[in-house]
Amino acid sequence: MRQILILGAALALALSPASAQDKPGDILNASYDVARELFQQINPVFAAEWKAKTGQTLEIKQSHNGTSRQARSIVEGLQADVVTFNQATDVQFLAEKGFVAADWQTKFGNNASPFYSFPAFLVRKGNPKNIKDWSDLARADVKAVFPNPKTSGNARYTYLAAYAFGLEQAKGDDAKAQAFVKTVLSNVPVFDTGGRAATTTFVERNIGDVLITFESEVNGIRREYGDKGYEIVIPSLSILGEFPVAVVDRVAARRNTQDVSRAYLEFLYSEAGQDILAKNFNRVHNPAVAEKYKAQFPPVRLVKVEDVFGGWEKATKTHFAEGGVLDQVFVNR
Amino acid sequence: MSTIALDGAQIVRPRRVLPGFGLTMGATLLYLAVIVLLPVTALVLKSAEIGWDGFWRIVTGPRTLAALKLTFGAAFLATLFNAAYGLLMAWVLTRYRFRGREILDALIDLPFALPTAVAGLALTALYANNGWYGSVLEPAGFPVVYTMVGVAIAMAFTSVPFVVRTVQPVLESIQPEIEEASRTLGAYPGTIFRRVIFPIILPSYLTGCALAFARSLGEFGAVIFIAGNLPFKTEIAALLIYIRLEEFDYPAASAIAAILLAAAFVTLLTTNLLQLWQLRYSRKV
Amino acid sequence: MAVIDMPAPAERAARAAGSPAGARILIGIAVVLTLAFIVVPVVVIFAQAFARGLAPYLASVTERDTLRAVGLTVLVALLAVPVNVAFGLVAAWAITKFEFRGKKFLLTAIELPFSISPIVAGVAYILVYGSNGLLGPFLEANDLRIMFALPGIVLVTIFVTSPFVVRELVPLMQVQGSDQEEVAATLGASGLQIFWRVTLPNIRWALFYGVVLCTARAIGEFGAVSVVSGHVRGETNTLPLQVELLYHDYNAAGAFAAASTLTLIALATLAIRAVIERRLPRTGRVGH
């Protein structure tokens with residue numbers, strides 16, 4: 001019996017994850033839900049570059065989830081050295097709790113957002129429901145799939161984009177815009193908690209006529225499921241989605257990983273980093289890279305949360321907080 | 001799976017011959033304090049923080065109410081199914097001898113042995129509109145995935161063994177003479193079951209149902225795959241707790257958790273009372 | 001389809017149960033329901049796992065993060081199960097060898113984790129060991145990491161699996177009584193000697209069964225672990241979490257491959273149970 005136990009313990013040790021207790025040489029990137037494949041491509045390239053520069057072998061660990069949840073986990077003790085989120089509010093939350101520098105938006109270029117994207121549509125082969133724009137989502141015969149705006153930053157962009165469209169159509173009439181968004185939301189058959197779960201619902205479960213998610217994810221799905229003939233639709237207007245990054249100072253200081261964390265995030269701005277980002281259908285600011293991938297990024301009219309909604313803080317309070325517009329919409333269905 | 005039943009016939013011993021009472025009792029209590037009571041207390045404290053008004057506002061919020069209604073309703077449906085299926089299985093497994101009986105018996109425990117996430121994945125694949133069952137049911141007008149029925153199916157699957165495993169031993173222990181006597185007196189099989197057997201198994205039957213219900217209330221892994229998680233429609237209480245956590249809303253999460261905790265308490269209490277009742281019965285029989 | 005043949009001991013009871021035709025119908029319904037409701041979902045897992053053939057299956061189960069998830073899951077089980085075995089033995093001894101007030105209450109407390117939703121359990125543990133929890137400041141000051149790391153996963157696993165060993169042991173030890181132990185004590189044996197030489201041999205199969213159940217649940221726990229894991233790939237993802245992750249990674253085949261591994265463990269559990277069943281007095285296992 002004892003031998004079996006010893007054997008078992010040895011086996012467990014052999015198989016167990018390289019115990020990564022605070023050794024320099026590994027960092028954890030806590031990221032948004034649909035960034036899985038992206039960082040799987042970025043990490044080895046940066047690790048190789050870091051090794052060439054410093055001689056240190058580096059392992060970059062990934063954790064993907066809704067970013068609100070990630071922020072909460074970090075506050076509760078998740079040892080993430082860097083965050084790569086899809087929404088500024090969740091980084092701001094970390095800043096308020098003292099985990100991230102208060103002026104985090106100035107630490108890296110473009111408001112600490114190395115790339116951008118926006119909610120786009122993915123429709124089934126041949127676009128049978130002829131979905132062209134946000135207005136089509138309010139049609140009674142159209143079922144749209146996107147995650148729960150309460151838990152998913154991805155879906156908050158979708159919600160706000162639809163709202164912005166409604167506002168523009170109604171020439172700034174809030175009541176009409178709200179009515180429009182209500183109709184759109186009432187056409188959603190399933191609210192998954194994360195972006196990727198929504199993708200699964202649309203693709204694997206064949207639910208809905210249109211999936212709304214970041215342009216990068218939309219393209220990723222089309223590539224991944226080439227045989228299904230999905231088509232991309234770019235609406236007439238969408239909302240600028242920024243992807244803020246920050247070093248989690250409190251964790252990095254404790255684990256002594258500030259340098260490598262910073263270098264990792266800076267790498268996202270480098271030519272090599274931007275190239276991988278663009279290759280994965282994220283829009284980048286680097287002129288050379290943007291030029292190189294010009295063909296895969298059709299022109300689009302983007303509005304900003306700041307311009308239409310007066311910033312994230314206000315938008316969150318009005319729309320997403322308990323009792324906000326979103327809740328009223330949910331209650332009324 | 002059975003609950004721990006105390007042997008009511010045990011004689012109270014006036015003195016302790018065996019050693020180790022202090023040590024084992026102390027260790028047991030310490031363990032329970034650290035592993036069970038500490039977290040449960042933390043939860044109760046957290047939901048007490050917001051005060052009775054806050055608590056009431058959260059639990060009676062429309063979304064919470066909808067989630068609780070769905071959870072209790074689906075758990076009730078699941079328990080109804082298991083009440084019928086479990087009784088049938090217990091009966092067939094104890095009363096008949098047939099080839100493959102042992103395999104059938106072993107299969108009853110499969111839902112316990114199978115991780116709930118795996119069960120959820122499998123059930124979703126099966127009942128989805130492109131799955132083996134779903135491709136037949138959905139065109140026929142019975143959508144399962146992303147409906148309350150789907151939630152109930154996942155709950156029923158994960159709580160299958162409770163009724164079977166609590167009723168089985170009691171059925172087995174019934175002396176054939178009792179039934180034979182009634183038969184000799186001219187009773188029909190249906191009457192024998194209703195008037196003789198059913199009263200005997202009733203306490204353990206109810207215990208099994210109560211346990212199945214409790215388990216269904218708390219089920220998470222199997223349900224989230226199949227539910228579709230539509231607020232106000234297919235969002236179960238456990239998932240709402242999860243979502244509240246994701247929104248940093250700790251008070252709401254703990255308040256809903258406290259409701260589920262209270263439900264678990266009540267169920268356990270009920271089953272223990274039922275067992276006392278059963279002891280009285282078994283002494284009479 | 002099952003064929004009815006009745007060995008002698010059960011014959012009388014079975015005859016009393018109704019006509020052979022009625023029996024056939026009931027058995028038929030039972031078998032069909034069990035196949036449709038319990039067996040087919042398991043078949044689906046394997047069908048999906050091997051949908052694209054053997055090579056992709058092997059590639060999926062030997063993928064680095066999946067292997068690490070297997071390693072973590074085994075490690076968690078190896079840490080959690082012995083703790084609960086020790087607890088089960090100690091608690092069963094206290095409960096069955098002595099009379100005291102509040103025994104019923106103690107048993108209820110022991111069984112509580114079984115009725116608590118795993119999600120609730122996870123939340124409760126975060127409220128204790130999280131950075132903002134009851135013990136958070138103390139842990140922070142001493143630089144101890146519990147949540148979102150191995151200790152947290154092990155702790156919640158211990159919580160959800162804690163009743164399994166006790167609930168197998170208590171009924172059996174109650175039925176067996178304490179006569180043998182008391183004789184040994186009268187003859188001057190020490191407590192440990194009594195336990196090793198008298199009690200343990202009597203309860204070894206029930207204990208083993210409790211361990212098997214406990215292990216199966218420890219390996220399969222999803223909800224509670226999901227709350228406290230932090231979902232770091234290749235580090236704090238147990239195998240059930242890995243199943244969910246792969247499922248959302250455009251990798252349904254990989255998810256079903258990982259799920260099939262867990263299903264095999266479940267089937268092995270059932271096989272072990274069937275073997276033990278034959279060695280165990282029926283009264284012992286079921287608690288009456």
Side-chain angles (χ1 to χ4, degrees), chain B residues 2 4-5 7 12-13 16-21 24-25 27-28 31-32 35-36 38-40 42-43 46 85 88-89 92 95-100 106-107 109-110 113-118 121-123 125-126 169 176 179-180 189 214 218 220-221 238 241-242 253 257 260-261 264 267-268, chain C residues 2-4 6-7 10 12-14 16-18 23 26-27 30 34 38 41 44-45 87 90-91 93-94 97-99 107-109 112 115-120 123-125 127-128 134 159 162 167 170 174 181-182 185 191 216 220 222-223 240 243-244 259 262 266 269-270 274 286-288:
Chain B
S2 63
I4 301 169
D7 189 343
V12 179
R13 268 172 250 281
R16 285 163 187 158
V17 184
L18 294 174
F21 179 71
T24 55
M25 196 64 191
T28 304
Y31 181 91
L32 281 179
I35 295 295
V36 180
L38 181 64
V40 168
L43 187 69
K46 189 77 191 177
Y85 174 71
L88 172 72
M89 290 310 291
V92 167
R95 287 308 157 115
Y96 308 129
R97 292 293 173 271
F98 50 95
R99 220 175 294 153
L107 282 173
D109 280 335
L110 189 61
L114 203 65
T116 54
V118 175
L121 196 62
L123 292 173
L126 195 57
E179 287 159 62
E180 264 168 27
F220 177 75
I241 296 173
Y242 206 71
L260 287 189
L261 190 66
T267 316
L268 268 189
Chain C
V3 175
I4 304 164
M6 289 182 260
R12 280 196 310 165
L26 286 181
I27 294 171
T34 308
I38 296 178
V44 164
I45 294 167
F87 166 65
V90 166
W93 183 273
K97 301 299 177 199
F98 307 103
E99 283 307 315
L107 279 169
T108 308
L112 194 59
S115 306
I116 292 182
S117 173
I119 289 294
V120 176
V123 174
Y125 268 83
L127 293 176
V128 176
L134 285 183
F159 177 88
S162 64
R167 68 187 305 156
V170 167
Q174 228 149 29
E181 281 88 349
E182 277 165 21
F222 175 78
V243 169
E244 191 202 22
L262 288 164
T269 310
L270 296 190
V286 293
H288 285 273

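Proteins get letters first, then strands, A, B, ... in listed order; numbering begins at 1 in each.
Ala27(B) approaches Val90(C) most closely through the heavy-atom pair CB-CG1, 3.7 Å. In this structure, Ala124(C) and Pro39(B) approach most closely via the heavy-atom pair CB-O, 3.4 Å. The two residues Gly218(B) and Pro118(C) have their closest heavy-atom pair at O-CD, 3.6 Å. Closest heavy-atom contact between Ile45(C) and Ala122(B): CG1-CB, 3.5 Å. When all heavy atoms of Pro41(C) and Leu126(B) are compared, the closest pair comes out as CG-CD2, 3.8 Å. Residues Val92(B) and Leu26(C) approach most closely at CG2-O, 3.8 Å, considering heavy atoms.
Interface summary for chain B: among Gly223(C), Gly191(C), Ala91(C), Ala274(C), the most heavy-atom pairs under 4.5 angstrom belong to Ala91(C). Of the residues considered (Ala216(C), Ala259(C), Pro240(C), Ser162(C)), Ala259(C) shows the highest number of contacts with chain B, using heavy-atom pairs under 4.5 Å.
Contacts between Met25(B) and chain C at a heavy-atom distance below 4.5 Å involve backbone atoms as well as side-chain atoms. Both the backbone and the side chain of Val118(B) come within less than 4.5 Å of a heavy atom in chain C. Contacts between Leu110(B) and chain C at a heavy-atom distance below 4.5 Å involve backbone atoms as well as side-chain atoms. Contact annotation for Ile119(C): only side-chain heavy atoms (C-beta onward) come within less than 4.5 Å of a heavy atom of chain B. If you measure heavy-atom distances from Ala185(C) to chain B, the contacts under 4.5 Å come from the side chain alone. Only the side chain of Leu134(C) comes within less than 4.5 Å of a heavy atom in chain B; its backbone stays farther off. Only the side chain of Phe87(C) comes within contact range of chain B, with heavy atoms under 4.5 Å apart. With a 4.5 Å cut-off on non-hydrogen atoms, Thr116(B) touches chain C through its backbone and its side chain both. Both the backbone and the side chain of Val44(C) come within contact range of chain B, each with at least one heavy atom under 4.5 Å from a heavy atom of that chain.
Partners of Thr108(C) under the side-chain contact (heavy atoms from CB on, under 4.5 Å) rule, at least two apart in sequence or in another chain, are Leu268(B), Asn272(B). Shown here are the ring pair (Phe, Tyr, Trp, His ring centres under 6.0 Å) partners of Phe222(C), two or more places apart in sequence or in another chain: there are none.
In this structure, the separation between CD1 on Ile27(C) and CE on Met89(B) is 10.5 Å, given to the nearest 0.5 Å. From Tyr125(C), atom OH reaches atom CG of Leu43(B) across 12.0 Å, with rounding to the nearest 0.5 Å. Distance check: Leu18(B) CG to Trp93(C) CH2 gives 5.5 Å after rounding to the nearest 0.5 Å.
Tested against Ser117(C), the residues Ile241(B), Leu260(B), Leu261(B) include a single side chain to side chain contact (heavy atoms under 4.5 Å, CB included) partner, Leu260(B).
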